[in-house]
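The analysis underlying the following values was restricted to heavy atoms, covering all of them including side chains, and did not include hydrogens, waters or symmetry mates. Computed from a predicted structure; not experimentally measured. Start at 1 and go down the list; that is how both ligands and their atoms are numbered.
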Amino acid sequence: MSSNQSPYSWLEKSLLTIHNANWYRSVTAISGLDGTVVELSGLTAINFASNNYLGLAGDERLIQAAVAAIQEYGTGSTGSRLLSGHRQLHRELEQEIASLKQTEDSIVFSSGYLANLGTISAIVGQKDLILGDLYNHSSLKKGAKLSGATVIDYLHCDVNDLEQKLLQHRSQYRRCLITTDSVFSMDGDLCPLPDLIALASEMNCMLLLDEAHATGVMGTTGAGCVEHFNCTGAELIQIGTLSKALGSLGGYVAGNAHLIDFLRNRAATWIYTTGLSPADTAAALAAIEIIKSEPERKDKLWNNINYLKDKLPQDNLLPSESPIICLVLDAPETALTIADKLQQAGIFAPAIRPPTVPTSRLRFSVMATHQLEHLEKLVNSLSTIL
Ligand SMILES: *Cc1c(COP(=O)(O)O)cnc(C)c1O
């Protein structure tokens with residue numbers, strides 16, 4: 001078989017379609033440390049685009065911990081944790097996460113994405129059912145697909161819809177797993193956790209909660225939405241990342257000892273990949289230490305969140321109970337234009353568009369280290385542009 005067309009020529013056409021829909025994305029380089037003020041494309045801008053909620057990614061103590069770990073253990077973990085890649089540092093981090101989460105144990109993965117893929121595909125299979133929130137993060141959706149289980153989405157945060165679907169389908173399957181973000185990453189709202197826990201228990205389902213945007217941010221001690229909703233101790237599979245409020249890189253699963261032991265034996269994205277690097281591990285450990293000893297960082301974050309939620313144009317705001325605040329706009333072009341104008345005014349906030357979300361929006365991430373003048377500038381620039 002031969003043809004004049006290269007087997008790769010479809011790529012160019014696909015990219016053209018993406019451009020035409022205004023869905024095309026590319027990267028923006030930030031120079032220097034990630035902080036509240038960043039350098040991008042030669043311009044200085046106030047940063048409302050970072051998941052570095054507590055401002056720890058550039059913290060001197062995390063940097064020093066990472067440097068010390070590199071000097072002690074080197075740059076790479078050099079192997080799978082089960083073979084040659086395990087260090088005492090990994091275990092210390094896992095114990096600290098379990099202590100923060102008040103669970104029996106935890107396990108760290110190389111990223112939150114891999115934690116979700118590996119966990120979901122290890123605990124359910126072809127005989128099983130997954131019910132996921134329609135707005136779940138990509139890693140939960142891809143993990144569900146990878147598992148081979150039957151996957152049904154329920155309407156966003158809609159416990160009645162979930163219950164209906166469980167009543168209709170649950171009995172035809174062996175195990176059932178409900179999956180949800182705790183803080184929804186592109187909307188900023190929270191899942192109805194107490195109702196989900198009750199329903200999961202009633203219908204004999206496991207419940208997997210993705211605390212990526214909640215760890216370090218929600219709850220009195222920063223343990224996440226489980227703590228925020230007073231559900232600490234409920235039997236759950238809690239997943240999170242070390243890359244957002246913790247300022248490092250990596251993911252974790254926290255839960256009971258059998259779950260974690262099982263994952264060490266069955267989660268392919270943990271078994272067949274290199275252990276978390278010493279630097280990332282040490283930085284995350286240092287971050288947890290700071291979260292414990294400096295609760296005022298989280299309090300400052302919440303003061304900033306409340307200030308902005310109060311001052312931004314209320315009509316366009318999506319309901320949010322987190323540092324993620326979204327302003328809904330009518331079309332991808334509008335979102336892009338406003339994001340561009342904000343950038344010219346010295347404010348960095350991304351336009352989030354389909355297919356990531358159903359409706360276009362500007363997404364602002366608040367940090368504990370934003371100063372009042374940063375927040376004021378955002379409010380004033382936005383009101384001028386709109
Ligand atoms: C960011 C995020 C992840 C992925 O975490 P990484 O450590 O960045 O791979 C998973 N789930 C949710 C909800 C997220 O927001």
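- Backbone and side-chain nitrogen or oxygen atoms of G112 are examined, and one is located within less than 3.5 angstrom of a nitrogen or oxygen of ligand 1.
- Looking at every heavy atom in both residues, R363 comes nearest to C326 through CG-SG, 3.9 Å.
- Remark: R266 CZ is loosely packed, at most 12 non-hydrogen atoms of other residues, nucleotides or ligands lying under 6.0 Å away.
- Protein heavy atom at the shortest distance from atom 13 (C) of ligand 1 is D210 OD2, 3.3 Å.
- Outside the 6.0 Å centre-distance limit, the rings of F48 and H374 are not counted as a close aromatic pair.
- Taking every heavy atom of A212 and a limit of under 4.0 angstrom, the matching atoms of ligand 1 come to 2 (C), 11 (N), 12 (C), 13 (C), 14 (C), 15 (O).
- Salt-bridge annotation for E94 and R91: present, with a side-chain N of the basic residue lying under 4.0 Å from a carboxylate O of the acidic one.
- Within the structure, ligand 1 lacks A115 among the residues with a heavy atom less than 4.0 angstrom away.
- Which parts of ligand 1 touch S139 is read off a 4.0 Å heavy-atom cut-off, strictly below it: atoms 10 (C), 11 (N).
- Ligand 1 lies nowhere less than 4.0 angstrom from a heavy atom belonging to G251.
- Applying the side chain to side chain contact (heavy atoms under 4.5 Å, CB included) test between C191 and each of D181, L207, D210, L196 identifies L196 as the sole match.
- At least one N or O atom of Y113 sits closer than 3.5 Å to an N or O atom of ligand 1.
- Within a 6.0 Å radius of NZ in K145, other residues, nucleotides and ligands contribute 12 heavy atoms or fewer.
- Less than 4.0 angstrom separates some heavy atom of T241 from each of these atoms of ligand 1: 5 (O), 6 (P), 7 (O).
- Side-chain contact between L236 and I197 is present, with heavy atoms from C-beta onward closer than 4.5 Å.
- Less than 4.0 angstrom separates some heavy atom of S185 from each of these atoms of ligand 1: 15 (O).
- Among all non-hydrogen protein atoms, the one lying nearest atom 8 (O) of ligand 1 is S243 OG, 3.3 Å.
- Against a heavy-atom cut-off of under 4.0 Å, D181 is close to the following atoms of ligand 1: 13 (C).
- Close contacts of ligand 1 with G250, meaning ligand atoms under 4.0 Å from a residue heavy atom, involve 7 (O).
- Salt-bridge annotation for R61 and E294: present, with a side-chain N of the basic residue lying under 4.0 Å from a carboxylate O of the acidic one.
- One distance of note links CG of L93 with OH of Y252; it measures 10.5 Å at 0.5 Å rounding.
- Ranking the protein heavy atoms by distance from atom 1 (C) of ligand 1 puts K244 NZ, 1.5 Å first.
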